[in-house]
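Here the structure is laid out as structure tokens; the discussion comes afterwards.
Just so you know, ligand 1 is whichever comes first in the structure, and atom 1 is the first atom listed for that ligand.
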Amino acid sequence: MKNSPYAETYARSISDKAGFWHEQAQRIAWHRAPKTALTPQSDGTATWFPDGELNMSYLCLDWHVQQGRGQQTALIYDSPVTGQVLHYSYAELLEEVGVMAGVFQQNGLQAGDTVIIYMPMIPQAVMAMLACARLGAIHSVVFGGFAPHELAIRINDAKPKMVVSASYGIEVSTKIDYKPLLDAALKEAAHQPERVFIWQRQGAPAVLQAGRDYDLALAMRNAQPAAAVVVPSDHPLYILYTSGTTGKPKGIVRDTGGYAVALHYSMEAVYNMRPGEVFWAASDVGWVVGHSYIVYAPLLFGCTTLLYEGKPVKTPDAAAFWRVIEQHQVKVLFTAPTAIRAIKKEDPAGELLHKHDLSSLRCLYLAGERCDPNTLEWSAEKLQRPVVDHWWQTESGWPMVANPMGIEALTVKPGSASVPVPGYEIQILSEEGRPLIAGQEGLVAVKLPLPPGCLPTLWQDAERFRESYLSTFPGYYMTGDGGFMDEENYVYIMGRVDDVINVSGHRLSTGEMEGLLAEHPLVAESAVIGIADALRGQVPIALVVVKDGGEVDPVALEIELIALIREKIGAVAVFKAALLVKRLPKTRSGKILRKTMRMIADGLHYTVPSTIDDPAILTEIHDALAARKIGQAFLPHHIVS
Ligand code: COA
Ligand code: AMP
């Protein structure tokens, strides 16, 4: 790799951060081009392009129309659940976004105000994001699969002036009414928005509350388009809440200028795209993949983006993805390994895949959760195309480790997401903060300053930002993942070192689930762990200790606890087991040994921690799990003292 195009680019991105990114910044159309690349902050972070001014919606829409891309398709909406396929050209999308922004502006929305967007995968969700960006208003999209309680938490934290939602979403063939969910969230929330705009989808319209709720389509009929409002580079574009270790999600803030430059760079360096080509991120606008690679990056780069309201299977079958690729001439597909596992489960031989002409497809990108080598190899063999596992997180906003296909296609090593992306100085640290050598597993950190596009802070909580990410080892951003690097700087991500789990590529907090279970009157304490799942990567299970006294029906209690998590977090948590145990294994200082329980549940060999209070409890845990056929590979005599 020495002296390779990647090695040279990477070395320069680290040795001359300012020069490297200043050069990249020239490639977007600023209203006021920055003269300074970055201003270092005292905590080691940096503000990128501090004197630049721009507008994200202008960059994604107006600029392309001005450059002659007005008639090119900007957005394809493909919805197998409604049987619709719609195309919006750049000119049409600009028109829609301008008018929607006009509605918001005429209703008092200004730069710096916040807006919650709670919508299914319909074009109006993308338009609402771009309309907020157009006014310099800060959107916070909440994934439609989250329950009212989760939405209420985010409403209370973001304090939106407006909420934008829709009458319903469709999960395969089930209609999910969003408006009652939103109403329930607003009932629970202490903060109330001034206005709620509802996109009424075809069919039974949602009931609107006079004086607060407005029909968005109706309002758009009478509105004038709003012009793009120019904002400083460090102006927040959005807040995206993600799970941390506590019940309170973290409000990741994204700046505008650094993000625009980083996304533009990634479309070429990582995804090897060219303007005019079709890019499909099969995710949801509620996740970071949706923000960055359904909405902002493809449009910034002049590509056609695809918004898919469907599933990899069941809408109608395991050929859904291949049909979309063929029909829309998709060049790059980006999805989660879970989606591929779901397809593989239904069509192991890839017979449905071979019925479609996939000649347009150049490459498949996978991220969002660990990609098991089996899934990577199956996709590469069936597609006969490069498959790139790449690693990043909500906080970074764009890939941190990847095979940089636009710079150089490197050798694939299954199990590794490949090499650090230019700009990211990845370092593996020991528990004491000492840099580790190749092959040694430790904490995955990024040397500060982070490149453009990464989070500058948490929404109105700079202290939590420092405490969560920067305070462990000064000079480093802690990713929360564990892993190692080999001699060729390939990074292997081994999983989270905190209480975050990944269910179908959806990031959830076990700490939050434990907090909710504790609300049940019979629960004394619980431990929620993420156990290996062949389809979803991980699923949560709870080990529950009940309060002393009284008879408890374990089956009835389990049903109630499952319903509690479903009601409070949502069905996406896929929480389906709450096992009663007499005690939880703890250290002598009272810390619950979650990792040890996870290893038992996954049938892995483990060492009994020397700090354990009572090793006999592990046998009880094993028995409880085995009774439910969890962790059967494990045998008690594998315990090593
Ligand atoms: N709104 C409301 N409910 C939702 C939802 C949404 N946006 N998304 C999921 N749900 C519900 C589902 O209906 C399901 O409910 P149920 O328990 O009543 O059946 C539950 O949440 C679990 O959903 P899901 O994990 O999607 O399970 P599934 O069996 O319907 O589908 C997969 C399985 C693998 C097809 C699906 O998880 C998938 O497509 N995964 C890829 C995920 C992905 O792209 N992640 C992006 C991160 S980059
Ligand atoms: P999210 O913030 O929801 O994107 O989740 C980010 C987390 O998902 C990371 O911190 C990792 O734990 C995990 N993750 C994402 N991509 C990968 C990958 N390619 N390999 C392993 N883990 C991944």
Side-chain angles (χ1 to χ4, degrees), residues 118-121 142-147 168-178 181 240-244 249-250 252 281-294 308-315 318 320-321 334-346 365-372 376 388-402 415-418 444 455 478-483 491-498 500-509 530 533-539 562 566 569-576:
Y118 182 63
M119 291 182 106
M121 290 284 284
V142 178
F143 173 55
F146 276 134
Y168 64 85
I170 303 167
E171 274 293 297
V172 187
S173 54
T174 311
K175 193 163 149 271
I176 297 187
D177 290 319
Y178 271 44
L181 299 175
L240 180 55
Y241 288 91
T242 191
S243 299
K250 293 170 172 168
I252 306 299
S283 177
D284 189 288
V285 288
W287 306 114
V288 69
V289 176
H291 281 64
S292 294
Y293 294 105
I294 294 176
Y308 176 70
E309 190 181 26
K311 299 258 176 185
V313 291
K314 297 190 260 183
T315 57
F321 275 19
F334 176 171
T335 191
T338 298
I340 301 295
R341 286 194 293 266
I343 295 170
K344 181 171 151 233
K345 196 170 157 209
E346 300 216 348
Y365 288 77
L366 299 173
E369 60 183 317
R370 197 184 99 79
C371 181
D372 52 296
L376 189 95
V388 173
D389 171 20
H390 61 323
W391 171 74
W392 52 296
Q393 49 186 197
T394 308
E395 288 85 344
S396 68
W398 67 290
M400 299 197 277
V401 169
S416 168
S418 298
V444 184
L455 79 171
M478 300 309 289
T479 65
D481 280 306
V491 180
Y492 293 74
I493 300 295
M494 304 306 285
R496 299 287 303 192
V497 293
D498 55 16
V500 167
I501 59 168
N502 240 294
V503 181
S504 307
H506 304 152
R507 177 165 156 183
L508 301 167
S509 162
D533 182 81
L535 173 65
R536 295 188 161 86
Q538 279 184 308
V539 289
I562 289 171
R566 194 177 167 95
I569 294 181
V572 282
V574 194
F575 179 81
K576 300 219 162 128

Heavy-atom nearest neighbour in the protein, as seen from atom 29 (O) of ligand 1, with distance rounded to 0.1 Å: R536 NH2, 3.0 Å
Nitrogen or oxygen atoms of W287 and ligand 1 under 3.5 Å apart: no
Atom 1 (N) of ligand 1: the protein heavy-atom neighbour that sits closest, reported with distance to 0.1 Å: G145 CA, 3.3 Å
Ligand 1-proximal atoms of T174, by part, heavy-atom distance under 4.0 Å: neither
Contact atoms of ligand 1, heavy-atom distance to F143 under 4.0 Å: 7 (N), 8 (N)
Protein non-hydrogen atom found under 4.0 Å from atom 11 (C) of ligand 1: yes
Atom 13 (O) of ligand 1 [closest protein heavy-atom partner, distance rounded to 0.1 Å]: E171 OE1, 3.0 Å
Plane angle bin for W287 and H506 - parallel if under 30°, tilted between 30 and 60°, otherwise perpendicular: parallel
Region of A282 engaging ligand 1 - heavy atom pairs below 4.0 Å: backbone
Sub-4.0 Å protein heavy atom next to atom 36 (C) of ligand 1: no
Those atoms of ligand 1 less than 4.0 Å from some heavy atom in K314: 29 (O), 30 (O)
Minimum-distance protein heavy atom relative to atom 18 (O) of ligand 1: R566 NH2, 2.7 Å
Where ligand 1 meets I176 - atom numbers and elements under 4.0 angstrom, heavy-atom basis: 2 (C), 3 (N)
Heavy-atom nearest neighbour in the protein, as seen from atom 46 (C) of ligand 1, with distance rounded to 0.1 Å: S283 OG, 3.5 Å
N-O pairing of D372 and R341 below 4.0 Å: yes
Top protein contact for atom 26 (O) of ligand 1, by heavy-atom distance: K311 NZ, 2.8 Å
Which residue and heavy atom of the protein sit nearest atom 45 (N) of ligand 1, plus the separation: S504 O, 3.5 Å
Protein heavy atom under 4.0 Å of atom 3 (N) of ligand 1: yes
Electrostatic pair E171-K311, nearest N-O below 4.0 angstrom: yes
Residues that A367 engages under side-chain contact (heavy atoms from CB on, under 4.5 Å), provided they are two or more places apart: F334, H390, W392
Side-chain donor-acceptor contact under 3.5 Å, T242 with R507: yes
Residues in side-chain contact (heavy atoms from CB on, under 4.5 Å) contact with T479, at least two apart in sequence or another chain: W391, Q393, M400, V444, V446, Y477, D481
Residue P312 vicinity, atoms of ligand 1 by number, heavy atom under 4.0 Å: 35 (C), 39 (O)
For A571, atoms of ligand 1 separated by under 4.0 Å from a heavy atom: 11 (C), 15 (O), 17 (O), 20 (C), 21 (O), 22 (C)
Contact partition for R341 relative to ligand 1, non-hydrogen atoms under 4.0 Å: neither
Atom indices of ligand 1, in the order listed, that fall short of 4.0 Å to a heavy atom of A342: 34 (C)
Contact residues of ligand 2 (heavy atom under 4.0 Å), by chain and number: V288, G368, E369, R370, D389, H390, W391, W392, Q393, T394, D481, I493, R496, N502, R507
Taking atom 40 (N) of ligand 1 as the reference point, the nearest protein heavy atom with its distance: T338 CG2, 3.9 Å
Within reach of ligand 1, part of V289 (heavy-atom separation under 4.0 Å): side chain
Test ring pair (Phe, Tyr, Trp, His ring centres under 6.0 Å) applied to Y168 - qualifying residues, sequence neighbours left out: none
Contacting atoms of ligand 1, where contact means under 4.0 angstrom from a heavy atom of G505: 47 (C)
F146 vs P249 side-chain heavy atoms within contact, under 4.5 Å: no
Those atoms of ligand 1 less than 4.0 Å from some heavy atom in H506: 42 (C), 45 (N)
